[in-house]
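Naming: A, B, ... by sequence-line order, numbering from 1 per chain.
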Amino acid sequence: MAEIKNNPLLTPLNLNNPLTVQVLGICSALAVTSKLQPALVMGLSVTVIVAFSNVIISLIRDTIPNRIRIIVQLVVVATLVTIVSEILKAYAYDVSLQLSVYVGLIITNCILMGRLEAFAMSNGPWASFLDGIGNGLGYAGILVAVGFVRELTGSGALFGFKVIPQSFYDAGYMNNGLMIMPPMALVLLACIVWYHRSKEKSLQEN
Amino acid sequence: MESLLSLFVKSIFIDNMIFAYFLGMCSYLAVSKNVKTALGLGVAVTFVLVVTLPVNWVLENYVLKEGALKWISGDLASVDLSFLSFILFIAVIAAITQLVEMVVEKFSPSLYNSLGIFLPLIAVNCAIMGGSLFMQQRNFPTISAATVYSLGSGFGWTLAIVGLAAIREKMAYCKVPDALRGLGITLITVSLMAMAFMCFSGLKI
């Protein structure tokens, strides 16, 4: 058990999930999940950015003066985010329009600063890379799950394709418009937290 | 003048940072355990927003936007530096936050202690960066519009966090299912508050 507990790649997927356990990066997680595609793109972008910023910070961690470390971290992250945002604009323009300001907000995504402070500042590059990938995937997984439910019930589609047959609508089925509104994202996330914590009793708060 | 007032009300109630865009959620969930601390953080966020947004507006309109460098010389009219906006915005925000931190530490040590780690983290509060990015996206025509927008957003954020803190203080006496305690029930509370705020969406002045 001890091995799994300290594995930087696997613990963030479950026991130390950035969203449901560390409560980091909730802002973007809720805002981009009304459809599946932006949720997926957002998850992947965050994974890439966390992994690489972790590696970069971990490589230069001994040379950063403690007083200005937050600014140094922000500059590294902002550079990576700018690159990702330009790539998205070039190759996936529609998605980058849907994500709007939330691409830029990856800079201030708490997952990044949280992992940089908690892990990359005190660990080697390879471990930091794994930690970044693990946290990014843990985040992406929840994003995709929330996006899946919201798009399926809210617009009856997945990745923009209709999956609920027309005959359902003819029989009186209606899309639940509330699912696309912001509040339902919170409720869905709360349900995931609820399920997760009833499975893993050690995570419950008093 | 009228449009400024309507922008102000709109940014508090309709485009509320928390309930419509989920900006600044991390510190929102973590620091909303008692009203006093929540109020302190809300004031700090409002202050940083009001200071950074106009500065970033000036940067955006006189340095970054396409053709914004015209005031230096006509040759620069075609220069578009907007890809630099993330880095410049975050640099301004980080510098100003550092300043605010020093001021608070000097003049109000008790507030400084109760805000703890979250004061430096205002730099990475999505609400601050989000304010600047929305300013860029919505293209506010004047610096006063940008300032009013920042003030309204800050008020809205403070209102949201104080409201949640008050509810959570009362909720400490309730029997919540084990697995929902803490994060789960807080998220559900926030979503109910967000639904209540959706009622404002038709509001016009």
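For A:W194, the CH2 atom counts as loosely surrounded, since its 6.0 Å shell holds 12 or fewer non-hydrogen atoms of other residues, nucleotides or ligands. Atom CZ of B:F8 has more than 12 neighbouring heavy atoms from other residues, nucleotides or ligands inside a 6.0 Å radius. More than 12 heavy atoms of other residues, nucleotides or ligands lie within 6.0 Å of CZ in B:F140, so this atom counts as buried by the packing criterion.
For the atom pair CD1 (B:I188) and SG (A:C191), the distance works out to 6.0 Å, reported to the nearest 0.5 Å. Put simply, OG1 on A:T79 and CG on B:L84 are 10.0 Å apart, with the number rounded to the nearest 0.5 Å. With values rounded to the nearest 0.5 angstrom, A:R197 atom CZ is found 5.0 Å from B:L183 atom CG. One finds the CZ atom of B:F86 at 12.0 Å from the CD1 atom of A:I83 (value rounded to the nearest 0.5 Å).
B:L187 places none of its side-chain heavy atoms less than 4.5 Å from the side chain of A:V187. Put simply, the side chain of B:M25 reaches to within 4.5 Å of the side chain of A:L186, judged on heavy atoms. Annotation: side chain of B:M198 is in contact with side chain of A:P183 (closest heavy-atom distance under 4.5 Å).
Contacts of A:S85 with chain B are made by side-chain atoms alone, with heavy-atom separations under 4.5 Å and no backbone atom involved. Residue B:F19 touches chain A through its backbone alone, counting heavy-atom pairs closer than 4.5 Å. Contact of B:Q136 with chain A is not made at all, since no heavy-atom distance falls under 4.5 Å. Proximity to chain A involves both the backbone and the side chain of B:I87, based on heavy atoms less than 4.5 angstrom apart. With a 4.5 angstrom heavy-atom cutoff, B:A20 touches chain A only via backbone atoms.
Shortest non-hydrogen contact noted between B:A94 and A:L74 is CB-CD1, 3.8 Å.
For the set A:V75, A:L112, A:L105, the entry with the most heavy-atom pairs within less than 4.5 Å of chain B is A:L105.
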Notebook entry, point to check: Where do B:F89 and A:I107 land on the side-chain contact (heavy atoms from CB on, under 4.5 Å) test, with the steps shown first?
Noted result: CA-CA 11 Å; B:F89 285 174; A:I107 300 176; over 6 Å; no
